[in-house]
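Below you'll find the structure, written out as structure tokens, and then a few comments.
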Amino acid sequence: MSKKLSGFPEFLPRERIVEQQVLDHLRRTFELHGFANVETRAVEPLDVLLRKGEIDKEVYAVKRLAADPAEPAELALHYDLTVPFARYVLENAGKLEFPFRRWQIQKVWRGERPQQGRFREFTQADIDIVARDVLPFHFDVEVARVMAEALAGLPIPRATLQISNRKILEGFYLGLGVADPTAVMQVVDKLDKVPAERIRELLLEQGLDAPQAERILALAEIVTTDTSFVQRVEALGVEHELLAEGLAELAQVVKGASDVDGVTVTADLRIARGLDYYTGTVFETRLEGWEHLGSICSGGRYDELAKDRRSTYPGVGISLGVSRLLVPLALAASRSVPSAVLVAVDAEESRSISDTIAGALRYRDIPTEVAPAAAKFGKQIQYAEKRGIPYVWFPPSSVKDIRSGEQVDADPTTWTPPLEDLTPTILTKEQLS
RNA sequence: GUGGGUGUAGCUCAGCUGGUAGAGCACCGCCUUGUGGUGGCGGUGGUCGCGGGUUCGAGUCCCGUCACUCACCCCA
């Protein structure tokens, strides 16, 4: 009965309009900051995708139906936009100007079990800045700012950008005499799910002593909305060159991004990011009241985004899970069509009059459609109402706001609806109820 | 991949210990022969997820299967 494929969402027009407006906003924000757009192919050679390791089971392999069933697949759908981008940078390094900043919004695929906010096919919006050999640190600040601004402009619950720095954690652990900082990081990264007591046990199992575990947990407890985390870390009395470097970096990012209105920016030393390739700044993002969705937007600095025989390409970037971001929204637009005006048709013989009126409105960028049939006017009004079209134009020169019932004489070459009626608007959950 | 829950109309659901399928909403028409939203009357619409079994008879019981869903894992 239900042909719905779990994890592969499809929207109704009313919902798609909401998504579309979110995407438009993101693009506008990214381009306002000078990011250029790139689109990469949907498939990559399997070995390129698996380079990052671990995630192999989530990758969808692709091969021709006619291929020999015994033959292993060579291609796979990309499961993020970072790896394809790294490949693209290498391939086009000779033609790109560095530092290169790009935005990219595309579908990605992951073979996970779906649940709320987790999809098998979903849209990611990425920004990355990549350079050849050296990427100045201020770009870490910029990427955080741009994404913070993008989030601030959306009608979603308040977002908290949680920023940390791998160098702090690694330096702190090294300063404590921990042999395998990465293993500790992966344990600490689970702090939001696993109680601190259990984390302590796990740390002790790794061969740390109680005072070490104590201070590691104390570090992870530090969350501040300003640069005061620096003093708090220093008060723990651990010293290491890498730690000092990380503290200075994180302070810069927090200071640089914290004045964006509408989002909260925190230095959050719980954030470690399980995965390997991050080398400095790391980001995660939660939505207030929707923490159970997990991070909607993550990323960080990778000193070795890509590498060829001649050069290394360091990068810093952040990925927004657009599909997940949409979950808290009511996903309803004020109407299911772009039309702001429906021009009624008096009789089929005079349809051309209506067409002319519609043309005059469209000429001035007012989205307009003409009634499908010369039905009774009541029917034509209903047609508009069902779709949420706010205005019905009765030829030759009368326009009615069908929400208020107010009807005025008007000239199609000069009449304009209020700005808020020109395009569909996103309704919040409150507005719906 | 592991474990739990659920599959009856477009949607939300009812259907008692097995007796040949219902409600509300939505949709269409009429009351209303050219300006809607309320009201009244009427109507369309279901291989009860799929396959097998038990039975005179299965939406209802049994087995299998698929799908959806929640949690774990992991991540946007």
Side-chain angles (χ1 to χ4, degrees), chain A residues 1-9 12 22 26 52-59 78-82 104-127 147 150-151 156 159 161-162 186 189-190 192-194 271-276 278 282-287 290 292-300 317-328 342-348 350 371 373-395 398-408:
Chain A
M1 169 65 63
S2 176
K3 296 198 178 84
K4 229 166 66 172
L5 273 184
S6 174
F8 294 85
L12 290 168
V22 168
L26 293 173
K52 228 154 100 174
E54 350 207 357
I55 333 192
D56 46 349
K57 292 205 180 83
E58 296 175 3
V59 170
H78 57 224
Y79 65 86
D80 73 4
L81 301 178
T82 306
Q104 189 171 349
I105 298 181
Q106 283 179 244
K107 288 279 165 60
V108 305
W109 294 268
R110 293 183 190 178
E112 294 182 18
R113 270 279 198 290
Q115 44 187 275
Q116 186 186 38
R118 307 184 49 195
F119 306 96
R120 298 205 268 215
E121 176 181 75
F122 62 97
T123 301
Q124 272 195 336
D126 275 39
I127 50 174
M147 199 50 94
L151 291 170
I156 52 173
L161 194 52
Q162 305 162 299
Q186 278 166 1
D189 191 50
K190 297 186 192 304
D192 55 331
K193 290 229 166 183
V194 183
I271 304 301
R273 303 249 75 211
L275 286 186
D276 38 332
Y278 294 110
V282 288
F283 307 104
E284 290 196 9
T285 310
R286 315 269 139 161
L287 292 183
W290 296 82
H292 60 284
L293 290 179
S295 177
I296 55 144
C297 179
S298 320
I318 187 160
S319 308
L320 172 64
V322 177
S323 309
R324 180 172 288 180
L325 179 77
L326 295 175
V327 171
L342 174 77
V343 182
V345 174
D346 241 328
E348 285 306 327
S350 62
K376 287 195 277 191
F377 283 159
K379 284 266 182 294
Q380 301 196 39
I381 290 170
Q382 271 183 5
Y383 175 96
E385 192 190 21
K386 272 187 214 155
R387 290 161 179 74
I389 302 172
Y391 296 96
V392 175
W393 194 288
F394 296 103
S398 186
V399 62
K400 175 173 185 144
D401 179 336
I402 64 172
R403 296 159 301 185
S404 64
E406 188 189 351
Q407 186 164 341
V408 297

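Just so you know, these numbers use all the heavy atoms, side chains as well, and skip hydrogens, waters and symmetry mates. Because the structure is a prediction, the values reported are computed rather than measured.
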Per Glu385(A) side chain, nearest of listed nucleotides C68(B), G37(B), C74(B)
G37(B)

Nucleotide G34(B), atom P - distance to CG of Asp346(A) in whole Å:
12 Å

Starting at CG of Leu12(A) and ending at P of A26(B), how long is that distance when rounded to a whole Å?
18 Å

Mind calculating the distance between CZ (Phe119(A)) and P (C68(B)) to the nearest angstrom?
14 Å

Nucleotide nearest Gln115(A) (side chain, heavy atoms from C-beta), chosen from U35(B), A71(B), U32(B)
A71(B)

Determine the Euclidean distance between corresponding P atoms of U47(B) and U17(B); express it in Å to zero decimal places.
27 Å

When rounded to the nearest Å, what value does the distance between C1' atoms of U38(B) and G57(B) take?
48 Å

Residue mapping more 5' on RNA chain B - nearest nucleotide basis, Val345(A) or Gly117(A):
Val345(A)

Ranking C27(B), A76(B), U35(B) by distance to the side chain of Phe122(A), first place goes to A76(B)

Looking for any heavy atom pair under 4.0 Å, which part of the strands does Lys107(A) touch: base, sugar-phosphate only, or nothing?
nothing

Considering every strand and a 4.0 Å limit on heavy-atom distances, what is the contact class for Ala384(A): base, sugar-phosphate, or nothing?
nothing

Does the structure show a Watson-Crick or G-U wobble partner for C13(B), both distances under 3.5 Å? Name it, or say none.
G22(B)

How long is the line joining CZ of Arg120(A) and C1' of G1(B), in whole Å?
12 Å

When you check the phosphate oxygens OP1 and OP2 of G37(B), does a side-chain N or O of Lys400(A) lie under 4.0 Å from one of them?
no

Interatomic distance at C1', G43(B) relative to G49(B), whole Å:
29 Å

Please work out if Leu320(A) contacts a base, only the sugar-phosphate, or nothing of the nucleic acid, heavy-atom cut-off 4.0 Å.
nothing

Using atom P of each nucleotide, how far apart are G59(B) and U8(B) to the nearest Å?
15 Å

Report the distance from atom CD1 of Ile381(A) to atom C1' of G37(B), rounded to the nearest whole Å.
10 Å

C1' spacing across the pair C74(B) / G45(B), given as an integer number of angstrom:
44 Å

Heavy-atom nearest nucleotide on RNA chain B taken for Gln116(A) and for Ser323(A); more 5' hit belongs to Gln116(A)

Begin with the C-alpha distance, continue with both residues' side-chain angles, and end with the deciding distance and a verdict on side chain to side chain contact (heavy atoms under 4.5 Å, CB included) for Tyr79(A) and Val108(A).
CA-CA 5 Å; Tyr79(A) 65 86; Val108(A) 305; 5.6 Å; no

Examine U33(B): is either OP1 or OP2 under 4.0 Å from a nitrogen or oxygen in the side chain of Lys376(A)? Give yes or no.
yes

Partner residues of Glu121(A) under the side chain to side chain donor-acceptor pair (under 3.5 Å) criterion, sequence neighbours left out:
Trp109(A)

Does G36(B) have Phe377(A) stacked on its base, where the ring centres are within less than 5.5 Å and the planes differ by under 30°?
no

Check the distance between G37(B)'s P and Ile402(A)'s CD1 and give it to me in whole angstrom.
12 Å

Can you check the distance between C31(B) and G37(B), where both ends of the measurement are the P atom (answer in whole Å)?
14 Å

Taking atom CD as the centre, does Glu348(A) end up with more than 12 heavy-atom neighbours from other residues, nucleotides or ligands that are less than 6.0 angstrom away?
yes

Winner on side-chain proximity to Arg113(A), out of U69(B), G34(B), U2(B), is U2(B)

Can you check side chain to side chain contact (heavy atoms under 4.5 Å, CB included) on Cys297(A) and Glu284(A), steps first, answer last?
CA-CA 6 Å; Cys297(A) 179; Glu284(A) 290 196 9; over 6 Å; no

Is there a Watson-Crick or G-U wobble partner for U35(B) with both distances under 3.5 Å, and which nucleotide is it?
none

If pairing means Watson-Crick or G-U wobble with both distances under 3.5 Å, then the partner of A71(B) is U2(B)

Under the 3.5 angstrom rule, does the side chain of Glu385(A) hit a backbone N or O of Ile402(A) as a donor-acceptor pair?
no

Could you state the atom-to-atom distance from CD1 of Ile318(A) to P of A76(B) in whole Å?
11 Å

From CG of Leu26(A) across to C1' of A76(B) the rounded distance in Å is 13 Å

Under 4.0 angstrom between Ser6(A) side-chain N/O and U69(B) OP1 or OP2:
yes

Integer angstrom distance from the C1' of C48(B) to that of A9(B):
10 Å

Ignoring hydrogens and geometry beyond distance, is the side chain of Gln407(A) in donor-acceptor contact with the base of U35(B) at under 3.5 Å?
yes

Would you check if the side chain of Arg324(A) reaches a backbone N or O of Ser295(A) as a donor-acceptor pair within less than 3.5 Å?
yes

From CA spacing to verdict: side chain to side chain contact (heavy atoms under 4.5 Å, CB included), Leu151(A), Ile296(A):
CA-CA 10 Å; Leu151(A) 291 170; Ile296(A) 55 144; 4.1 Å; yes

C1'-based separation of G18(B) from U54(B) [nearest Å]:
11 Å

